[in-house]
Amino acid sequence: MKLLRVGPPGQETPALLDEAGHLRDLSGVISDIDAGFLAADGLARLTGLVPHDLPPIDGAGLRIGPPLRPGKIVCIGLNYRDHAAETGAALPAEPVVFLKAADTVVGPDDAVLVPRGSTRTDWEVELAVVIGRKARYLPSVEAAWDCVAGYAISHDVSEREFQLDRGGQWDKGKSCETFNPLGPWLVTADEVPDPQDLRLRLWVNGVLRQDGTTKDMVFPVAEIVRYLSQFMVLYPGDIINTGTPAGVALGQPEPKPYLVAGDVVELEIDGLGRQRQTLTPA
């Protein structure tokens, strides 16, 4: 299934994208796509639905919101071999973990705000893993797979000066408002047979900047879920941003092409849809 939420911010309606690419209204079946829905085994309840029995939604001019209301956002840094190389970092012996504020999440085509005083706003296309079952001290990667509800495109926007040069943790360069466009869809795990064989691409003003594959991950999806469960409890509705491939502005030669107001960023991952954002002053 491809699940999404459509409508104005804070007033989104849960919807399903049918095989013909038409929107179907889920509001008569579920109230929202969120932690409560996933924790109550909501995906299983939807599997018996016949999409054509659901009311259609006219998608013309309709905003697409984030596909779920997330819990926490856990991020993995330096998780692609080529990205670590372009930034001059050694491959990590264990996953590099940081958190991103959940209120950074916006829709896939919403504006991204360039923070006041920013000169180094950067892009990062990432595979997001959506947790569907509680994960606590998982004993194996096999157990980790049972906790994955699905996947989405995540844009882990970053401000590199705030992240790297202003002291403390990475979080301050990762948690600026609008810094995590998500979606357009939550694609259930059964539709992604191998999350380690997905192509990720990102364009800035029509120029291809990132073109990678999840095969290049240092730590694959299931190992990330297992590993994180040893240090924190993952709950339904939590999101894991699994890292970005090479091609970010930080890794480019000087002058580095950081984002400015007016720039347009587009990104896609095989089978998970496409995003498009215009950068706007905060």
Side-chain angles (χ1 to χ4, degrees), residues 73-100 104 118-129 141 144 148 151-176 179-182 194-204 207-232 234 239-259 265 267-270 272 275:
I73 302 174
V74 187
C75 303
I76 307 299
L78 300 173
N79 196 37
Y80 281 71
R81 293 174 179 84
D82 58 359
H83 175 55
E86 75 172 344
T87 59
L91 290 181
E94 295 191 35
V96 175
V97 179
F98 61 95
L99 298 177
K100 190 164 190 168
T104 59
S118 168
T119 59
R120 294 165 63 185
T121 296
D122 205 348
W123 59 82
E124 294 189 21
V125 57
E126 305 204 6
L127 174 67
V129 177
V141 294
V148 176
Y151 305 92
I153 302 174
S154 190
H155 188 182
D156 179 21
V157 187
S158 308
E159 212 299 334
R160 302 301 189 186
E161 180 186 1
F162 299 176
Q163 176 190 355
L164 302 173
D165 298 340
R166 298 289 296 273
Q169 303 292 318
W170 284 8
D171 302 42
K172 68 173 70 171
K174 296 286 189 171
S175 291
C176 302
F179 263 28
N180 207 125
L182 187 71
D194 186 0
Q196 303 308 146
D197 190 18
L198 299 175
R199 187 179 182 189
L200 312 86
R201 288 178 287 184
L202 180 146
W203 296 260
V204 179
V207 177
L208 182 63
R209 292 293 190 178
Q210 290 183 278
D211 188 359
T213 171
T214 54
K215 292 178 181 178
D216 196 44
M217 283 186 183
V218 179
F219 304 100
V221 166
E223 172 55 18
I224 290 170
V225 175
R226 185 209 66 80
Y227 179 89
L228 289 175
S229 78
Q230 312 306 308
F231 301 94
M232 66 184 75
L234 300 173
I239 293 171
I240 304 170
N241 287 345
T242 56
T244 198
V248 300
L250 178 65
Q252 304 298 309
E254 298 289 353
K256 300 181 188 296
Y258 288 113
L259 296 169
V265 181
L267 47 156
E268 67 180 20
I269 299 178
D270 289 348
L272 303 185
Q275 299 186 357

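Reckoned from all heavy atoms, side chains included, excluding hydrogens, waters and symmetry mates. Residue numbers start at 1 and run along the sequence shown.
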Legend entry - Atom of Leu267, atom of Ser154 and distance for their closest heavy-atom approach: CD1-O, 4.3 Å

Inset, instruction - Evaluate the side-chain proximity of Thr214 to Tyr151: yes if any heavy-atom separation is below 4.5 Å, no if none is. - result: no

Inset, instruction - Look up atom OG in Ser175 and atom CD in Glu159, then write down how far apart they are to the nearest 0.5 Å. - result: 12.5 Å

Inset, instruction - Keeping the roles fixed (side chain from Arg160, backbone from Thr121), state whether a donor-acceptor pair exists under 3.5 Å. - result: no

Inset, instruction - Could you tell me whether the side chain of Glu86 and the main chain of Gly247 form a donor-acceptor pair under 3.5 Å? - result: yes

Inset, instruction - Using modelled atom types only, decide if a donor and an acceptor are shared between the side chain of Arg81 and the backbone of Asp216 within a distance under 3.5 Å. - result: yes

Legend entry - From Asn241 atom CG to Lys100 atom NZ, the distance as rounded to the nearest 0.5 Å: 6.5 Å

Legend entry - Distance (rounded to the nearest 0.5 Å) between His83 NE2 and Leu91 CG: 11.5 Å

Inset, instruction - Could you check Lys174 against Ile73 for side-chain contact (heavy atoms from CB on, under 4.5 Å), going step by step and ending with a plain yes or no? - result: CA-CA 11 Å; Lys174 296 286 189 171; Ile73 302 174; over 6 Å; no

Legend entry - Flag, side chain of Asp82 to backbone of Ala246, donor-acceptor distance under 3.5 Å: yes

Inset, instruction - Would you confirm whether Lys172, through its side chain, and Arg166, through its main-chain N or O, come within 3.5 Å as a donor-acceptor pair? - result: yes

Inset, instruction - Quick one: pull up CD in Glu94 and OH in Tyr227 and give me the separation to the nearest 0.5 Å. - result: 3.5 Å

Inset, instruction - Taking the side chain as every heavy atom from C-beta outward, state whether Leu272 and Leu127 have any atom pair closer than 4.5 Å. - result: yes

Inset, instruction - Apply side-chain contact (heavy atoms from CB on, under 4.5 Å) to the pair Val204 and Trp123, showing each step before the final yes or no. - result: CA-CA 9 Å; Val204 179; Trp123 59 82; 3.7 Å; yes

Legend entry - Min side-chain heavy-atom separation Phe162-Arg120 under 4.5 Å: no

Legend entry - CA sep, side-chain torsions, deciding dist, call: Met217, Tyr80, side-chain contact (heavy atoms from CB on, under 4.5 Å): CA-CA 4 Å; Met217 283 186 183; Tyr80 281 71; 3.4 Å; yes

Legend entry - Approximate separation, where rounding is to 0.5 Å, of Asp270 CG and Arg201 CZ: 6.5 Å

Inset, instruction - Look up atom CD1 in Ile153 and atom CG in Leu198, then write down how far apart they are to the nearest 0.5 Å. - result: 10.0 Å

Legend entry - Under 3.5 Å donor-acceptor, Thr87 side chain and Ala84 backbone: yes

Legend entry - Leu99 side chain near Gln169 side chain, heavy-atom distance below 4.5 Å: no

Inset, instruction - For Lys215, look at atom NZ and say whether over 12 heavy atoms of other residues, nucleotides or ligands are found less than 6.0 Å away. - result: no

Legend entry - Residue list, ring-ring contact (aromatic ring centres under 6.0 Å, His included) with Phe98, at least two apart or on another chain: Trp170

Inset, instruction - With the side chain counted from C-beta on, respond yes when Tyr258 and Ser158 share a heavy-atom pair under 4.5 Å apart, and no when they do not. - result: no

Inset, instruction - Take Thr244 and Leu202, measure what side-chain contact (heavy atoms from CB on, under 4.5 Å) needs, and give me the verdict at the end. - result: CA-CA 10 Å; Thr244 198; Leu202 180 146; over 6 Å; no

Legend entry - Flag side-chain contact, heavy atom, 4.5 Å: Glu126 against His155: no

Inset, instruction - Evaluate the side-chain proximity of Val157 to Val265: yes if any heavy-atom separation is below 4.5 Å, no if none is. - result: no

Legend entry - Side chain proximity check, Leu78 to Val218, heavy atoms < 4.5 angstrom: no

Inset, instruction - Could you tell me whether the side chain of Asn79 and the main chain of Thr242 form a donor-acceptor pair under 3.5 Å? - result: yes

